[in-house]
Amino acid sequence: MWRRNSLSLASKLARLSSNPSPFILLRTSHHHAPLSRSNSTNPGSTSPADPVTWSQSRPDVRFIATRAACDAAVDLPPAAAASTSVGKGKEVAELVKHYSRCYWELSKARLSMLVVATSGTGYILGSGSSIDYLGLCCTCAGTMMVAAAANSLNQVFEVKNDAMMNRTRLRPLPSGRITRPHAVMWASSMGLAGTALLACETNMLAAGLAASNLVLYAFVYTPLKQIHPVNTWVGAIVGAIPPLLGWVAASGQISLNSMVLPAALYFWQLPHFMALAYLCRKDYADGGFKMFSLADPSGYRTAWVALRNCLYLLPLGYLAYDWGIASGWFCMESTLLALAISSTAGLFLVNRTTKNARRMFHASLLYLPVFMSGLLVHRHYDSELSLAVENSNQLAESTLSSSLDGELTESSPPRKNRRPAPSRAPVAYASVAPFPFLPAPYVSN
Ligand SMILES: CC(C)=CCC/C(C)=C/CC/C(C)=C/COP(=O)(O)OP(=O)(O)O
């Protein structure tokens, strides 16, 4: 289908350049006869209503296609102009459709949207009592752009490998629908714009995390796929960073409780990718990738890695509860969820069939959205604690500004640095209380 579309598009483009219509042509000849309807009345010239013949009958004139120049250069009969502009409009629409589709696929848009969902969830969890919705939108948009850039670069580096795999051979680069320089331009502009958006609208730490993650994915993980099976563990770090990025964008800091969602993402990816690499063994071998499952013909070690990492998911619900992120309900739900995915991994370990690998893969697909929704629904916010933190922040700020000279008091800190601190375990507050230079639960005046 895409082949037919791209062929028809290619032939249209070829027609445009080899038989340029004078209605969109700019004259570049050294014979500077004015290009207007009066030319068509010259002997030997046909009417501009038959533009191709007309242009071919003028060997002294050379044209290049320039849409903007045509309207100024040629004064058309209204009917011909209308039908031509409809045709050109269709061509432009087709071009836009073609490249939008290429960008969508280069960006692995569905995967990028999942990445955005994890980053958005991280942002909400790191926001404390009040969510800054503009900040949330900027974080999601910035993450989407940087993830799109990372995914595009990944494809730029894997054109040959992707061409050899069934799953990926129809991607825009191996199928020739877009050129490598074009894809690099798309990736660079998305990467720069996304990082700049995060830097301007959230904070430098979040922007730095996004940029480093792009580098880790495109320049470390991607080549590693062809070198060593450890790539899956490096890829798991890449997947774990976006929720941390979201948390940092909201709170400006990395704390212990910011690690719960990234840890879930990290451990979750191992059963997910082990199942995928087991099910697509032949494809990965054809593509020249060194996946863990390829060096494990029995599948025993692959299944064991998957099970081990499912079991690591078990304590996360309790940690989320204990560290003040979510309620006891979430602790229970998360534990049940981890038990469910562990049971599919256990089944695969005992009986290593394609059916059981697929079951584990489907369970992994369910796990993440349910875990994240549970975290959001049972998000725990201790309002008394938050009030204490906000009050102490304000008091600390006013004490600081009254004791320092005008320079500090005049310049108010940027919006992004004034968000309330996220909920933290009470012990964290107790430990900072004796130090007057840190926000404390109480300040004596
Ligand atoms: C903010 C930011 C930069 C986020 C990036 C997040 C991101 C791209 C996560 C993907 C993680 C991952 C290991 C995907 C598999 O890639 P693969 O190369 O194995 O997939 P493929 O075989 O389909 O190409």
Side-chain angles (χ1 to χ4, degrees), residues 105-120 122-123 139-174 183 187-188 190-195 197-199 202 205-227 229-249 262 265-266 268-277 279-281 283-293 364 368:
E105 291 175 33
L106 272 179
S107 310
K108 299 184 195 164
R110 280 184 303 167
L111 171 65
S112 294
M113 285 194 280
L114 177 68
V115 170
V116 168
T118 65
S119 157
Y123 188 97
T139 303
C140 290
T143 307
M144 183 75 192
M145 287 193 248
V146 185
N151 283 319
S152 305
L153 284 177
N154 167 270
Q155 292 183 51
V156 165
F157 294 136
E158 289 182 345
V159 183
K160 280 190 190 146
N161 313 74
D162 281 350
M164 292 186 281
M165 290 171 70
N166 258 337
R167 187 172 64 86
T168 51
R169 71 193 164 82
L170 296 185
R171 282 179 173 175
L173 281 162
S188 318
M190 281 294 107
L192 288 174
T195 309
L197 180 65
L198 288 170
T202 63
L205 188 52
L209 275 174
S212 324
N213 210 28
L214 180 147
V215 171
L216 186 63
Y217 182 62
F219 299 99
V220 180
Y221 167 77
T222 302
L224 209 53
K225 278 171 77 184
Q226 296 174 57
I227 299 171
V230 76
N231 69 69
T232 307
W233 282 264
V234 175
I237 299 176
V238 174
I241 286 179
L244 183 64
L245 184 168
W247 181 293
V248 164
L265 258 295
Y266 178 87
W268 164 82
Q269 279 176 94
L270 286 147
H272 178 81
F273 283 115
M274 287 297 151
L276 192 68
L279 290 168
C280 306
R281 271 172 301 179
D283 228 15
Y284 277 115
D286 290 347
F289 293 119
K290 300 253 186 317
M291 306 314 276
F292 189 75
S293 59
S364 77
L368 197 60

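Indexing begins at 1, ligand by ligand and atom by atom, following the structure's order. Predicted model only: the values in this text are computed from it and were never measured. The first residue of the sequence shown is numbered 1, and numbering continues consecutively from there.
- In this structure Phe273 satisfies the side chain to side chain contact (heavy atoms under 4.5 Å, CB included) test together with Thr232, Gln269, Leu276, sequence neighbours excluded.
- In this structure, Leu245 and Tyr123 have side chains that are not in contact, with every pair of non-hydrogen atoms separated by 4.5 Å or more.
- Sequence neighbours left out, the pairs with a member in residues 140-149 that pass side chain to side chain donor-acceptor pair (under 3.5 Å) are Ser119-Thr143.
- Asn154 and Lys108 share a side-chain donor-acceptor pair at under 3.5 Å.
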Tabulating one pair per line, provide the atom names and distances (0.1 Å) for every N/O atom of ligand 1 that is less than 3.5 Å from a protein N/O atom.
residue	atom	partner	partner atom	Å
ligand 1	16 (O)	Tyr217	OH	2.8
ligand 1	18 (O)	Asn154	ND2	3.1
ligand 1	18 (O)	Tyr217	OH	3.3
ligand 1	18 (O)	Lys225	NZ	2.8
ligand 1	19 (O)	Tyr221	OH	2.7
ligand 1	19 (O)	Lys225	NZ	3.3
ligand 1	20 (O)	Lys108	NZ	3.4
ligand 1	22 (O)	Arg167	NH2	2.8
ligand 1	22 (O)	Lys225	NZ	3.3
ligand 1	23 (O)	Arg167	NH1	3.2
ligand 1	23 (O)	Arg171	NH2	2.8
ligand 1	24 (O)	Lys108	NZ	2.9
ligand 1	24 (O)	Asn154	OD1	3.4
ligand 1	24 (O)	Arg171	NH1	3.1

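- You'll find the side chain of Met291 reaches within 4.5 Å of the side chain of Asn231, heavy atoms only.
- Scanning for side-chain hydrogen bond (donor to acceptor under 3.5 Å, both in side chains) contacts around Ser107 gives Trp186, with sequence neighbours left out.
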